[in-house]
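Here the structure is laid out as structure tokens; the discussion comes afterwards.
Counting begins at 1 with the first residue of the sequence.
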Amino acid sequence: MTRRLALWLLLLSVPGAAPAAPASGEDELIERVVVRNRLFDVGGRLELSPSVGVMMMTRLTDHYTLSGDVTFNLFHTLAVEGRATVAYSRQTGLARRIAQQFLERDPTLGIERADDLSDAWEMRGNALAGLRWAPIYGKISLLAELPVHFQAYLSANVGAGSFHRQSLVYCRALLSRDEGTCSDWLTESRIAGMASGALGIRFFTSQRGALRFEVRDYAFQDTYLVNIDRIVAESGGVTGERARAGITHLVLFDVGYAFIF
């Protein structure tokens, strides 16, 4: 047994006696498909990107957006961007039902004073500027032969937005108590500061373009009226006190295409 072990050790120590190395075909495949330098380099390049967005979860308001981004990539991973958005917004069916059912209740029978609802502002548009950080670059293989390169990113922006609000409680001209209809709900409009953040991913289709998907949050200060005297309101008078209700978040799913120059 000792003699046989010594013989094996002697063979392994002789140059050229070790087992042959694997064929180079596998190494070439790994080098060609799996290990590859960054193919799509955006550093120092300008991007123009239109996109459309839909609200992921609606409560009192619903939003659809059309946006345009202008972005300059300072480096491979960091960019400055400007963003302008117009929005089609409206009250949801839930909001209209709440307003109707509330109006059906006679204020002389015990519900004379009320507070309006929070999170009822509708965004009409905004203009934002900020930074985009894209630390993750990678690729996935489709059908094991077609590599698709992608870049994941985070975006942070600040700016101002245009907002509109229709009250769900403050009716200034009652049509029918039985049907809960009003011809003149109190409305408000304002320009206010806001912030926006996004988590996204884009898939490069060529050196000059990429398809992108992102989840974007628009955040702004919410305000509404409290202690509304409904009898005074329905007679056309002024009532209520302004209250702040924290921050409203509108979360939308965006799909767009980036033209890279």
With sequence neighbours excluded, tell me which residues meet side-chain contact (heavy atoms from CB on, under 4.5 Å) with [X].
| X | result |
| --- | --- |
| Leu225 | Tyr170, Leu186, Ile228, Arg242 |
| Ala84 | none |
| Ile247 | Ala219, Gln221, His249 |
| Val148 | Ile140, Leu142, Phe203 |

[X]: what forms a side chain to side chain donor-acceptor pair (under 3.5 Å) with it, not counting sequence neighbours?
| X | value |
| --- | --- |
| Arg132 | Glu47, Asn73 |
| Thr77 | none |
| Ser89 | Glu122, Arg124 |
| Ser51 | Arg212, Asp254 |

- Query: Under a single-linkage rule joining Ile, Leu, Val, Met, Phe, Trp and Tyr whose side-chain heavy atoms are separated by less than 4.5 Å, which residues share a cluster with Met55?
  - Reply: Trp121, Met123, Leu128, Phe163, Met194, Tyr218, Phe220, Leu250, Leu252
- Message: Using the ring-ring contact (aromatic ring centres under 6.0 Å, His included) criterion, which residues pair with Tyr257? Sequence neighbours excluded.
- Response: Phe259
- Message: I need the full list of salt bridge (Lys or Arg N to Asp or Glu O under 4.0 Å) pairs touching residues 87-99, with sequence neighbours left out, sorted by first then second residue.
- Response: Asp62-Arg90
- Note on the structure: Taken in chain and number order and not counting sequence neighbours, the residues that satisfy salt bridge (Lys or Arg N to Asp or Glu O under 4.0 Å) with Arg208 are none
